[in-house]
Amino acid sequence: MILGMPVLSVVIWLPIVFGILVLATGDDRNAQTARIIALVGAVLGFLVSLPLYTGFDSGTSAMQFGELSSWIPRFNIHYHLGVDGISMLFVLLNSFFTPLVVIAGWNVIEKRVAQYMAAFLIMSGLVNGVFASLDAMLFYVFWEAMLIPMFIIIGVWGGPNRVYAAVKFFLYTLLGSLLMLVALLYLYNQSGGSFEILDYHEMAIPMTAQILVFIAFFMAFSVKVPMFPVHTWLPDAHVEAPTGGSVILAAIMLKVGAYGFIRFSMPIAPDASHKLAGVMIALSLIAVVYIGLVALMQTDMKKLVAYSSISHMGFVTLGFFIFNAYGMEGALLQMISHGFVSGALFLCIGVMYDRMHSRNIADYGGVANTMPVFAALFMLFAMANSGLPGTSGFVGEFMVIMGAIKANFWYAFFAASTLIFGAAYTLWMYKRVVFGAVANHHVAELKDITLREKLVLGILALTVLGMGLYPLPFSEIMHASVNDLLVHVARSKL
Amino acid sequence: MSNFSLYLLVPLAPLLGAILAGLFGKVLGRAWSHRVTIALVAVSFFASLRIFQDVLDGHTFNGAVYQWMTSGDISLEVGFLIDHLTVLMMLVVTFVSLMVHIYTIGYMEEDDGYQRFFSYISLFTFSMLMLVMANNFMQLFFGWEAVGLVSYLLIGFWFKRETAIYANLKAFLVNRVGDFGFLLGIGLILMVFGSLDYATVFASAASHANDMAPIPGVSWNMMTAICILLFIGAMGKSAQFPLHVWLPDSMEGPTPISALIHAATMVTAGIFMVSRMSPLFELSDTALSFVMVIGAITALFMGFLGIIQNDIKRVVAYSTLSQLGYMTCALGASAYSVAIFHLMTHAFFKALLFLAAGSVIIGMHHDQDIRNMGGLRKYMPITWITFLIGTLALIGTPFLSGFYSKDSIIEAVEASGLPVKDFVYIALRMGVFVTAFYSFRLYFLVFHGTERFGKAHHDHHGDHADEEVAADHHHGLAPGQKPHESSWVVTLPLVLLAIPSLAIGYFTIEPILYGSFLKDAIHVIGSHPAMAELAEEFHGPAAKALASVFDSTLWFAISGVVMAWFFYLKRPDIPEKIKQRFHGIYTVLERKYGFDEFNDWFFAGGARLVSRFLWQFGDVKMIDGMMVNGTARLVGMCSGIVRRFQTGYIYHYAFSMIIGVFVLLSIRELIG
């Protein structure tokens with residue numbers, strides 16, 4: 001509680017309330033009003049989340065800003081909120097991105113503006129709910145609910161093949177989620193009727209059950225991350241999604257899956273986690289190498305960045321399942337950084353798409369001639385995507401590689417190949433799109449980025465550089481929680 | 001001002017310059033952009049001088065600037081290690097950078113990207129300083145990648161040119177291959193020593209000398225594994241065979257950066273790094289032998305390629321590759337101080353050669369083909385004399401700087417105890433001949449002989465990207481036009497660089513190689529005798545120069561010069577005949593031993609092939625086609641069958657219900 005306000009509830013419900021307000025502005029005659037209310041709501045949403053950082057006690061791994069009240073007493077379901085040094089960072093990341101996508105979609109979206117803005121605000125609140133839930137049912141509700149706005153965003157404002165993409169996205173993720181529900185019901189029974197996630201962390205579970213629970217959670221979370229081989233929905237979803245949808249999908253939604261592993265799978269089923277770590281690491285390394293290679297030949301910029309996302313998320317799951325502090329913290333930093341960098345890259349592609357209505361690399365060439373400021377910012381994000389030191393992209397990858405080498409030299413060997421592949425696919429795309437002589441008259445007529453676009457990309461540029469040069473504030477806050485997690489994972493529950 | 005703020009000032013001044021010229025270049029205008037950046041680099045140079053004084057007085061420093069991050073049991077910091085080796089590098093970097101900044105005013109005069117260029121070279125200076133001032137491996141890697149980034153930006157400075165943006169991508173990726181090894185080496189260090197601080201690691205290095213590497217499946221000595229992995233990084237940055245392929249192409253960048261980055265400073269980062277890591281490399285003879293062989297191959301075989309190049313910058317580029325090979329050999333011979341010594345002298349005379357070549361290019365109106373030059377000494381006297389000084393220093397003329405450093409390398413290799421030294425020794429001495437030959441071939445073709453400019457020429461290889469410039473007659477000299485000497489901003493740096501090229505070897509050989517200057521920074525164990533033997537035979541710089549008359553190495557160089565004179569001035573018809581006679585060899589050299597073709601075909605082509613296969617077969621066919629859409633089809637099929645039962649007629653439903661009841665009852669009977 002800060003100033004008598006339940007911070008987490010405000011962080012969750014304020015954007016949702018504003019989202020409903022925006023919806024109330026009605027059709028596109030009041031578009032400008034809708035935009036302004038949305039912006040106010042998004043900025044307020046970010047501001048109210050700041051006390052989570054400033055008021056956070058990094059000395060403890062306990063849940064903070066807790067709120068507990070009964071919700072459905074019959075099934076012992078509670079409205080239980082709280083954050084630790086891990087989930088708090090993702091609430092902030094999410095709240096940080098909402099104003100950016102609102103500004104990015106400002107006058108790009110012309111149809112159904114109110115609904116578009118409302119979808120993002122409501123989703124923002126729901127995602128915060130996912131990260132802040134300490135009750136498994138509450139988590140599940142937020143988890144499923146957050147799919148709906150994203151489904152609508154892709155399905156309504158998406159590209160020509162949006163229905164296929166939206167349905168693929170929805171079915172893929174829904175299938176996984178159902179198995180998670182089964183696992184949660186099993187845990188509810190085993191625990192004697194509790195939906196408290198933290199209770200599950202302490203509960204003894206036999207090996208076979210652990211493995212089944214792990215697999216059920218794996219189905220839900222691996223799809224979201226996404227891990228190989230359940231990744232193919234992501235490129236399609238990205239290609240069809242509007243820019244804002246891609247940004248949130250890459251920056252936030254993927255993190256929810258990875259978060260699931262550390263909130264559920266690993267502490268609830270530690271023995272199974274160890275037993276299946278080999279598989280997880282193998283899948284992660286396949287993601288890094290295989291997907292890194294697949295990204296190379298993509299002809300569509302969004303697909304390329306989507307594949308690059310999968311490859312980068314491979315680092316996250318790799319970092320989790322080598323069970324050491326470097327890997328774990330590296331993975332978490334990689335999640336945050338990937339949010340900034342992939343979000344920024346999708347925004348960059350959006351900037352070009354708005355002008356050229358093409359995402360095809362072949363349609364571009366020589367953009368630097370007509371959009372020098374944009375080219376410079378895009379270069380920064382491309383370098384961050386290639387993991388250049390001094391940008392946020394380096395921090396997580398570096399730490400995960402350092403952690404991996406402790407586990408097994410060859411893990412690090414394959415992971416470090418991203419140094420080459422990551423640079424190859426990112427900079428090759430950059431070369432073909434931005435460098436070179438002006439390729440055609442469309443490129444010749446391009447106008448450099450507007451003040452609005454400069455603002456969005458500029459903020460992200462500063463963030464990417466800031467985190468790259470001084471990641472201490474990010475890493476310091478998670479130490480206690482990560483240590484606690486590692487202790488849980490190391491302790492057998494048999 | 002306290003020492004610490006002085007240390008901070010050295011890298012931050014150029015960084016400020018880079019930010020000002022980069023972000024506010026438009027506001028500042030051209031003149032103020034170069035004034036600001038030059039002034040700030042000068043500040044950095046004078047602060048380095050001040051620190052040099054300080055270090056000579058015994059005030060070294062090793063400490064953190066700020067804590068970068070903590071994780072688990074480690075704390076990663078950004079910090080400085082200021083000792084003799086660092087301060088020497090700081091002086092070299094800031095001095096050459098200052099010269100290049102001034103020179104750029106003249107060279108980039110007509111370029112649209114004037115401010116951007118100044119921003120980049122100041123940013124480079126910052127990055128390089130952070131690299132050499134690092135007191136830990138992480139910051140080293142920071143600087144390492146940052147100089148790579150600026151090199152990438154500068155090679156592709158004229159981003160409209162397809163060749164330039166091909167070259168910069170190639171440079172970045174080849175360097176990344178090196179960094180791949182480098183990062184794994186750093187990872188092993190962190191794992192074994194639990195720290196990335198130089199001091200901590202070096203202090204306990206010896207106690208791990210006989211450990212096995214923690215690499216499952218192989219049984220290597222750990223120090224060998226670490227050192228070879230680190231050296232792979234050096235091979236990328238310092239362009240050692242087979243990762244040398246990017247350096248010749250990097251000549252697509254403007255000439256000032258060829259001098260600063262691709263000759264004097266960045267490419268020597270690998271040499272510096274290995275010297276800094278001497279406490280580690282000393283523990284593995286295997287790694288040292290590997291280093292020495294790679295260096296020898298680079299020194300000799302890259303020299304051969306210099307012989308047949310016709311682009312003035314490419315000749316100098318191959319010469320740089322070859323000289324980097326010499327430095328690498330010195331490292332392998334445990335003569336780290338000699339490598340650093342050659343690094344320093346080479347920085348001066350090679351920067352001089354590049355800048356003088358740039359002056360020639362200006363004089364020739366951006367024609368770089370030496371077949372179109374000749375007799376330029378009449379028109380460009382300052383460029384001529386300074387270029388000659390640089391060339392003489394390069395081939396190792398007694399008393400000039402290059403002589404002392406290169407001769408010491410050859411002696412050190414001879415005195416090395418490693419089994420591979422015989423091959424290396426022969427390669428380096430042959431290299432002396434080759435160096436003299438290609439250097440004087442270049443010199444004679446450019447400054448002597450018949451004037452071949454002002455004719456219609458072929459095969460443009462200009463230094464300007466703007467289509468207007470490339471397309472019209474500005475490119476190269478028009479018929480009847482004469483070259484002219486460059487303005488003072490260009491010639492002043494030439495003169496200032498010529499002075500150390502002449503004299504610095506004579507005055508510094510004693511303190512750097514045999515004195516106590518580097519004794520705390522560089523660590524050599526007793527079983528590597530090269531430096532000790534060299535010290536015994538050293539009786540002062542003058543005596544060394546005089547004694548070289550009786551040394552065949554000098555005569556190798558002289559015969560190289562004479563042969564160049566004979567082939568290219570006396571009988572210019574001979575090279576053409578040789579070319580036709582030995583067509584096979586010529587083709588091999590012209591194709592640079594086929595490395596570029598092989599890399600393009602095998603690595604680039606292979607990666608694209610594998611990529612396309614994984615994508616089209618793995619993702620599209622297998623996962624999406626079979627698993628995802630296959631599941632959808634299966635579900636569709638099943639529901640199609642089931643749908644037939646949903647006819648909507650009550651009697652159908654009633655019928656199936658009755659059937660169902662009978663089936664269930666039968667099952668119950670059967671089980672019961």
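Letters go in sequence order (proteins before strands), and every chain restarts at 1. These numbers come from a predicted model, not from an experiment.
Most heavy-atom pairs under 4.5 Å with chain B: of the set A:Met399, A:Lys406, A:Lys431, this distinction falls to A:Lys431. Per-residue counts of heavy-atom pairs under 4.5 Å with chain B were compared for A:Lys168, A:Gln298, A:Met478, A:Met328; the largest is that of A:Gln298. The residue among B:Val610, B:Asn175, B:Leu184, B:Val192 with the most heavy atom pairs within less than 4.5 Å of chain A is B:Leu184. Ranking A:Asn408, A:Ile401, A:Asn369, A:Asn324 against chain B, the residue ahead of the rest is A:Asn369, based on heavy-atom pairs under 4.5 Å. If you tally non-hydrogen atom pairs under 4.5 Å between each of B:Ser71, B:Gly187, B:Gly618 and chain A, the highest count goes to B:Ser71. Per-residue heavy-atom pair counts under 4.5 Å with chain B were compared for A:Ala295, A:Pro473, A:Ala416, A:Gly403, and the maximum is reached by A:Ala416. Chain A forms more heavy-atom pairs under 4.5 Å with one residue of B:Ala607, B:Gly156, B:Ala604, B:Ala213 than with any other, namely B:Ala607. Ranking A:Gly468, A:Ser475, A:Gly436, A:Gly366 against chain B, the residue ahead of the rest is A:Gly436, based on heavy-atom pairs under 4.5 Å.
For the pair B:Arg612 and A:Leu296, the minimum side-chain heavy-atom distance is 4.5 Å or more. Side-chain contact between A:Val434 and B:Phe159 is absent, with no heavy atoms from C-beta onward closer than 4.5 Å. In this structure, A:Tyr307 and B:Asp619 have side chains that are in contact, with non-hydrogen atoms separated by less than 4.5 Å. Using a 4.5 Å heavy-atom threshold, the side chains of B:Leu183 and A:Phe398 count as touching. At least one side-chain heavy atom of B:Trp68 sits less than 4.5 Å from a side-chain heavy atom of A:Val395. In this structure the side chain of A:Met379 reaches within 4.5 angstrom of the side chain of B:Leu153, judged on heavy atoms. Counting heavy atoms from C-beta outward, B:Val78 and A:Tyr470 have side chains that stay 4.5 Å or more apart. Looking at B:Leu169 and A:Phe435, their side chains never come closer than 4.5 Å, going by heavy atoms from C-beta outward.
With a 4.5 angstrom heavy-atom cutoff, B:Phe172 touches chain A only via side-chain atoms. Residue contact with chain B, scored on non-hydrogen atoms closer than 4.5 Å, involves the side chain of A:Phe394 exclusively. Proximity to chain B is absent for every atom of A:Tyr411, based on heavy atoms less than 4.5 angstrom apart. Of the two parts of B:Pro214, only the backbone, made up of N, CA, C and O, holds a non-hydrogen atom closer than 4.5 Å to a non-hydrogen atom of chain A. B:Leu23 does not touch chain A: none of its heavy atoms, backbone or side chain, sits under 4.5 Å away. Neither the backbone nor the side chain of A:Phe474 has a heavy atom closer than 4.5 Å to any heavy atom of chain B. Looking at B:Leu614, both its backbone and its side chain come within 4.5 Å of chain A, counting heavy atoms on both sides. Neither the backbone nor the side chain of A:Leu486 comes within less than 4.5 Å of any heavy atom in chain B. B:Leu76 touches chain A through its side chain: at least one heavy atom from C-beta onward sits under 4.5 Å away, while N, CA, C and O do not. For B:Tyr152, the part sitting under 4.5 Å from any heavy atom of chain A is the side chain, from C-beta outward, and nothing else. Of the atoms belonging to B:Leu229, it is side-chain heavy atoms, and not backbone ones, that fall under 4.5 Å from chain A. Looking at A:Trp428, both its backbone and its side chain come within 4.5 Å of chain B, counting heavy atoms on both sides.
A:Trp410 contributes atom CH2, which lies 6.0 Å from atom CD1 of B:Ile215 (distance to the nearest 0.5 angstrom). Separation of atoms CD (B:Glu145) and OG1 (A:Thr391) is listed at 9.5 Å; rounding is to 0.5 Å. B:Thr70 contributes atom OG1, which lies 5.5 Å from atom CD of A:Glu476 (distance to the nearest 0.5 angstrom). For the atom pair A:Leu472 CG and B:Met69 CE, the distance stands at 8.5 Å (nearest 0.5 Å).
For B:Phe602, the CZ atom sits in a loose shell: 12 or fewer heavy atoms of surrounding residues, nucleotides or ligands are nearer than 6.0 Å. Within a 6.0 Å sphere centred on CZ of B:Phe193, other residues, nucleotides and ligands contribute more than 12 heavy atoms.
Smallest separation of non-hydrogen atoms from B:Arg176 and A:Ile420: O-CG1, 3.9 Å. Residues A:Gly390 and B:Phe142 approach most closely at N-CE2, 3.4 Å, considering heavy atoms.
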(Q) Quick one, B:Leu190 with A:Ile405, criterion side-chain contact (heavy atoms from CB on, under 4.5 Å). Give me CA distance, side-chain angles, the key distance, then yes/no. (A) CA-CA 9 Å; B:Leu190 178 62; A:Ile405 217 165; over 6 Å; no

